[in-house]
Amino acid sequence: MITWNPALAKRHLRTLHDFTDEEMIQLLELAEALKARKDAGIRGDLLHRRNIALIFEKGSTRTRNACLVAAQDEGGNAEYLNQHDIHFGHKESVKDSARVLGRFFDGILFRGFRQDTVEQLARFSGVPVWNGLTDDHHPTQIFADLMTLRQNFGKDLHGRKIVYVGDGRNNVATSLMFGCAKTGVDFVNCTPTELLPNPDDVRYAIEIAQKNGSSVSIETDPKTAVRGANCLYTDVWVSMGEEAKQAERMRMLRPYQINMELCERTGNLGGDFIFLHCLPAFHDCETEFSKDTGALEVTDDVFEAPFSRVFDEAENRMHTIKALFVSAIGDPSKG
Ligand code: CP
Ligand code: NVA
C-alpha cells in the first residue's frame with residue numbers, strides 16, 4: 001500500500017522552500033516506497049488519467065525521461081513541449097500560456113532560464129508546477145541526491161559532510177545547499193571568490209542548518225575544505241546558457257577539479273565516502289565539448305571508481321520525480 005501526506009496534494013515545487021523540512025523527508029520516503037514497489041515488479045496506477053505537460057527551453061536527458069517514465073509507470077501521460085513547438089513566451093505571454101495549459105493538464109514541469117517563468121506558471125496555471133531547472137535552482141535534482149545519500153549512509157544524515165567543489169553560484173550548488181540544510185547534512189561550498197553564492201541565500205541556509213543541528217559554510221581552498229567529507233559533489237563548470245563564459249571558467253575552476261588526490265584528502269576513501277555529480281559530466285574526451293580538453297570537473301578514475309554513485313543518483317531522479325507527481329496529483333484511492 002502506497003500512502004502519502006494529504007497535505008502534499010496540489011503543491012508546487014518552485015524552490016525547495018515550498019516544502020517544510022519534514023515534508024521533504026516524507027517525499028523521500030514516498031520515493032523509496034515507489035522504488036521498492038517498482039523493484040518488486042509491481043506496476044502502479046496512481047497517476048491514472050493524469051496528464052502532465054513538460055515544457056523545456058533547455059536540453060535534458062535525465063529530467064525529461066525521468067518525467068516520462070515516472071508518469072507512465074503510474075498510468076499517467078506526460079507530453080514533451082519544446083519551446084520551438086509552442087508559442088510560450090514568443091507569440092503568447094507566459095501568463096496566457098499558463099492559463100491555457102492549466103485547462104488541459106493536471107500538472108506542469110518547466111525547465112528553462114528564468115525563475116520568474118516558474119513563478120508565473122505557478123501563479124496563473126491553477127495546477128501544480130514543478131521546477132525542472134532554472135538558472136537559479138534545480139530542486140528536483142536535490143531529492144535524487146538526498147535519496148542517494150540515504151541509500152549509502154542511512155536515513156539519518158546528521159553528522160554527514162558533503163563538500164560541493166566547483167561553480168559555487170550555480171543552480172545545483174544553490175539548491176544542494178538548501179537541501180542539505182533542510183535535512184541536517186553538513187554542507188561546504190568550495191568555490192573561487194569570483195563564484196561565491198548569493199550571500200542572502202547563504203545566510204538563510206545557515207539559519208535553517210542551525211535549526212537542524214548542522215552547518216553550512218563557504219571555503220575557497222579545496223585541499224582543506226574536503227577534510228572529513230563523506231561525499232564530494234561537483235557539476236559542470238559552464239551551465240546551460242553561460243557558454244560565453246567558457247574560457248574564463250576553465251581558468252578559474254581548473255584547481256577545483258575532483259581527482260583521486262582530492263578524494264584521498266577527505267581521509268575517508270575506502271570508508272564512508274561517495275562521489276556524486278548531477279550529470280551530464282565531462283570526465284573524459286568522449287564528448288564534442290571535451291574532446292580537446294579531456295576531463296574537466298572530475299577525472300575519469302573518480303567518475304568510474306567503486307565509490308562513485310552517479311548512476312544510482314541518475315536513477316533516483318525518476319523515483320523522486322514520481323514521488324513529486326504522485327503526492328501532488330496522484331489518486332490516493334489507487335495506492
Ligand atoms: N541532472 C540533470 O538535470 O540532467 P539533465 O540535464 O539530463 O536533465
Ligand atoms: N548546472 C548545470 C546543471 C545541469 C543538470 C546546468 O544548469 O547546465
Side-chain angles (χ1 to χ4, degrees), residues 13 15-16 31 52 54-71 78 80-83 109-115 117-118 130-149 164-179 189-192 195-198 201 231 233-246 248-250 252-253 256-258 275-283 286-290 296-298 303 308-322 324-325:
L13 174 61
T15 72
L16 290 176
I52 298 168
L54 309 176
I55 307 175
F56 278 63
E57 294 176 344
K58 292 179 177 173
S60 167
T61 298
R62 278 142 291 272
T63 311
R64 172 180 175 173
N65 293 298
C67 290
L68 286 173
V69 174
Y80 177 73
L81 303 168
N82 176 311
Q83 60 160 345
L109 181 132
F110 171 78
R111 162 169 290 199
F113 296 89
R114 301 176 61 225
Q115 181 67 21
T117 307
V118 172
W130 304 278
N131 177 352
L133 180 148
T134 61
D135 290 345
D136 304 329
H137 297 274
H138 195 4
T140 62
Q141 174 68 48
I142 306 317
F143 283 99
D145 302 339
L146 292 168
M147 183 171 173
T148 314
L149 289 174
Y164 173 95
V165 187
D167 173 6
R169 32 96 286 154
N170 80 8
N171 41 19
V172 170
T174 302
S175 291
L176 186 64
M177 173 172 72
F178 286 122
N189 182 335
C190 181
T191 192
L195 297 173
L196 291 174
N198 177 318
D201 284 347
C231 173
Y233 191 124
T234 191
D235 183 12
V236 290
W237 291 343
V238 182
S239 286
M240 290 180 275
E242 300 187 323
E243 288 71 16
K245 309 240 184 227
Q246 189 178 321
E248 173 187 303
R249 291 286 170 76
M250 301 276 202
M252 273 180 203
L253 285 164
Y256 292 78
Q257 181 187 64
I258 297 189
F275 169 71
L276 294 181
H277 188 311
C278 56
L279 307 184
F282 296 116
H283 58 95
E286 292 185 30
T287 70
E288 280 298 316
F289 188 85
S290 63
L296 296 173
E297 72 274 10
V298 56
F303 187 88
S308 171
R309 296 289 186 274
V310 295
F311 294 107
D312 291 341
E313 184 186 8
E315 178 190 323
N316 290 338
R317 295 299 310 285
M318 199 280 290
H319 303 302
T320 47
I321 281 177
K322 193 187 280 179
L324 287 162
F325 289 171

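Numbering of ligands and ligand atoms starts at 1, following listing order.
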Between [X] and ligand 2, is there a nitrogen or oxygen pair with a distance under 3.5 Å?
{"X": "D235", "value": "yes"}
{"X": "M240", "value": "yes"}
{"X": "R111", "value": "no"}

field: Whether L279 lies under 4.0 Å from ligand 1, heavy atom
entry: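 Yes, L279 has a heavy atom closer than 4.0 Å to ligand 1.
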
Between [atom1] on residue [X] and [atom2] on residue [Y], distance to nearest 0.5 Å:
{"X": "N171", "Y": "M240", "atom1": "CG", "atom2": "CE", "answer": "7.5 Å"}
{"X": "I142", "Y": "L176", "atom1": "CD1", "atom2": "CG", "answer": "4.5 Å"}
{"X": "D145", "Y": "Y233", "atom1": "CG", "atom2": "OH", "answer": "3.5 Å"}
{"X": "Y256", "Y": "E297", "atom1": "OH", "atom2": "CD", "answer": "15.5 Å"}

task: Heavy-atom distances under 4.0 Å are what count here, so tell me which part of N171 touches ligand 2: side chain, backbone, both or neither.
output: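 N171 to ligand 2: side-chain contact only, backbone stays beyond 4.0 Å.
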
field: Proximity flag L279 to ligand 2, non-hydrogen atoms under 4.0 Å
entry: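 True for this residue.
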
message: Show the nearest heavy-atom pair for residues V118 and T134, with the distance to one decimal.
response: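 Closest approach of V118 to T134: CG2-CG2, 3.6 Å.
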
query: Which pair of heavy atoms, one from S239 and one from N170, lies closest together, and at what distance?
result: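 That closest heavy-atom pairing would be OG-ND2, 3.7 Å.
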
message: Under a 4.0 angstrom heavy-atom cut-off, which atoms of ligand 1 come close to R317?
response: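 Result: 1 (N), 2 (C), 3 (O).
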
T61 neighbourhood, listing ligand 1 atoms whose heavy-atom distance to it stays under 4.0 Å: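 Per the distance check, 5 (P), 7 (O), 8 (O).
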
task: Output yes when the distance from some N or O of ligand 1 to some N or O of R64 is under 3.5 Å, and no in every other case.
output: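 Min N/O separation from ligand 1 is not below 3.5 Å for R64.
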
field: Within-cut-off N or O pair, M240 and ligand 1, under 3.5 Å
entry: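 Looking only at distances, the answer is no, because the N/O contact criterion of under 3.5 Å is not met.
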
task: Using distance alone, with no hydrogens and no angle criterion, decide if D312 and T148 have a side-chain donor and acceptor under 3.5 Å apart.
output: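 No - no donor-acceptor pair under 3.5 Å links their side chains.
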
task: Considering the heavy atoms of L133, write down every atom of ligand 2 situated less than 4.0 Å from one of them.
output: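 Near L133, meaning under 4.0 Å from one of its heavy atoms, ligand 2 has 3 (C), 4 (C), 5 (C), 7 (O).
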
- request: Carefully, step by step, assess R249 and V236 under the rule side-chain contact (heavy atoms from CB on, under 4.5 Å).
  value: CA-CA 10 Å; R249 291 286 170 76; V236 290; over 6 Å; no

query: Which option, R62, R111, K58, owns the non-hydrogen atom nearest atom 3 (O) of ligand 1?
result: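 Selected option, by shortest heavy-atom distance: R111.
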
